[in-house]
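Computed from a predicted model, the values in this text were never measured in an experiment. Along the sequence shown, the residues carry numbers beginning at 1.
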Amino acid sequence: QARRKPEATALIAGHERLSYQELEDRADVLARRLRGLGVGTETRVGIFLHRTARLPISLLGVLKAGGAYVPLDPAYPRERLEAILRDAGAPVVISEGALLDALPAGLAAQVVRADEQAPAGLPPLEPLPLGAGRLAYVIYTSGSTGRPKGVAIEHRSAAALMHWSREAFRPEELAGVLASTSICFDMSVFELFAPLAWGGTVILADNALALADLPAREEVTLIDTVPSAMAELLRQGAVPNGVKTVNLGGEPLRGALARQVHALGTVERLHNLYGPSEDTTFSTLAVVEPEGEPTIGRILANSWGYVLDRDLRLVPVGVPGELYLAGAGLSRGYLGR
């Protein structure tokens, strides 16, 4: 996209706007710095930043260097950050001055300051021949069933999600995507990379409820969030008229909320999306109509879903079972397990 439309707006963060060429250049500079520290294929790099333009620049910089990013949320307790960094074995962490004191004490990783000028004389960035099976990112589970596990997602799975996004959404829907989800949750992968892959604009926000006061709120065309946040946006009357598509996931979607969204009269498409991190963000999609209770819909292209019994046999229609997922989105597995 940087070659096709270099002057188009790629990112809006508050009052700051970056074109595709500016985003590309700044990510390349960071990638050169990371390469100089030995970051390459399969190298895990922690991302510990506030939600400014430095965040997507750093994510792209890690990927351009050939590494895999490990998201770290500044709102997490220090013990949680220590556990993730220890498990991920990240030799490099990207952070900024305002957050350095929040990093775990005795951190063995090298810290790259995203808010500092790059050293002069860095060599040109040579693209790496990245294979589809290389690691792209590691997202940690909540730990609700034991110690948090790092879900290892390869480029092939993230790329499959991007190609699905192109088929599922029109260019005008991806023209202004609200990126409000923490990078520690995988809905952020769609919000950040789908618009950038297909020529749209990422509109960064601290969280979904910040939409009401966002300088670029009228440019948002697609909201991707959880039902509870959407309910609050509706209560506040904070959904701009330019929003044509709403994606809801991460929690059960009830019919009453779906009817409220449709009652706005401006939203053209409402989607209910389901999927665990282990299957790269989304596994199923339902187009939700105003009537009835929403379902989780149908399996995405290039993926499969099976409802099986305890002996892993297909159950007949109407018989309860467990949902098994397979296909292009399936992760490598849990890091180190």
Is a side-chain donor or acceptor of [X] paired with a backbone partner of [Y] at a separation under 3.5 angstrom?
X    : Y    : result
E293 : G255 : yes
R35  : K64  : yes
T9   : T201 : no
T280 : G329 : yes
T284 : I296 : yes
R51  : A179 : yes
W304 : I299 : no
R54  : R113 : no
S157 : A328 : yes
R217 : A238 : yes

Hey, is [atom1] on [X] packed in by over 12 heavy atoms from elsewhere, all under 6.0 Å?
X    : atom1 : result
D115 : CG    : yes
Q117 : CD    : no
R310 : CZ    : no
E322 : CD    : no
R298 : CZ    : no

- Passes side-chain contact (heavy atoms from CB on, under 4.5 Å), L308 versus L314? Steps please. CA-CA 4 Å; L308 307 179; L314 284 168; 3.6 Å; yes

Look up atom [atom1] in [X] and atom [atom2] in [Y], then write down how far apart they are to the nearest 0.5 Å.
X    : Y    : atom1 : atom2 : value
L325 : L323 : CG    : CG    : 4.5 Å
R259 : E291 : CZ    : CD    : 8.5 Å
Q1   : E24  : CD    : CD    : 11.0 Å
S180 : F185 : OG    : CZ    : 12.0 Å
E191 : I183 : CD    : CD1   : 12.0 Å
Q21  : R3   : CD    : CZ    : 10.0 Å

- Linked hydrophobic residues, L209 as query - side chain contacts closer than 4.5 Å: I12, L178, I203, L211, L214, V220, I223, M230, L233, L234, V239, V243, V246, L248, L253, L257, V261, L264, V267, L270, V288

- Tell me, with the steps shown, if L204 and L192 meet side-chain contact (heavy atoms from CB on, under 4.5 Å). CA-CA 9 Å; L204 204 60; L192 291 165; 4.3 Å; yes

Does [X] reach the side chain of [Y], with side-chain heavy atoms less than 4.5 Å apart?
X    : Y    : result
V151 : T141 : yes
L85  : P104 : yes
P148 : D87  : no
T281 : F193 : no
Y140 : Y76  : no
P71  : I139 : yes
P276 : S283 : yes
L30  : L60  : no

Please give me the minimum heavy-atom distance between [X] and [Y], naming the atom from each residue.
X    : Y    : answer
A258 : P294 : CB-CG, 4.4 Å
A208 : T225 : CB-OG1, 3.6 Å
E154 : A132 : CB-O, 3.8 Å
R170 : E173 : N-OE1, 2.7 Å
D73  : S182 : OD2-OG, 2.9 Å
A90  : A109 : O-CB, 3.3 Å

Check for me, please, whether [X] and [Y] land in the same ILVMFWY cluster - side-chain distances under 4.5 Å, paths through other members count.
X    : Y    : value
L18  : I47  : yes
L49  : V202 : yes
M187 : W198 : yes
Y274 : Y306 : no
L103 : V92  : no

- Item | Distance-only polar pair, side chains of S228 and E251, donor-acceptor under 3.5 Å | yes

Does [X] come within less than 4.0 Å of [Y], counting only side-chain N to carboxylate O?
X    : Y    : result
E172 : K244 : no
E16  : R26  : yes
R332 : E42  : yes

- Item | E232: partners by salt bridge (charged side-chain N to carboxylate O under 4.0 Å, His left out), with sequence neighbours left out | R235

- Parallel, tilted or perpendicular: ring planes of F190 versus F169, cut at 30 and 60 degrees: tilted

Looking at residues at least two apart in the chain, or sitting in another chain, which of them share a ring pair (Phe, Tyr, Trp, His ring centres under 6.0 Å) with [X]?
X    : answer
H155 : none
Y137 : Y69
H50  : none
F48  : none

- Message: Which residue in the set T245, D224, N247 passes side-chain hydrogen bond (donor to acceptor under 3.5 Å, both in side chains) when paired with H271?
- Response: N247

- Message: Quick one, L34 with V62, criterion side-chain contact (heavy atoms from CB on, under 4.5 Å). Give me CA distance, side-chain angles, the key distance, then yes/no.
- Response: CA-CA 7 Å; L34 295 174; V62 171; 3.9 Å; yes

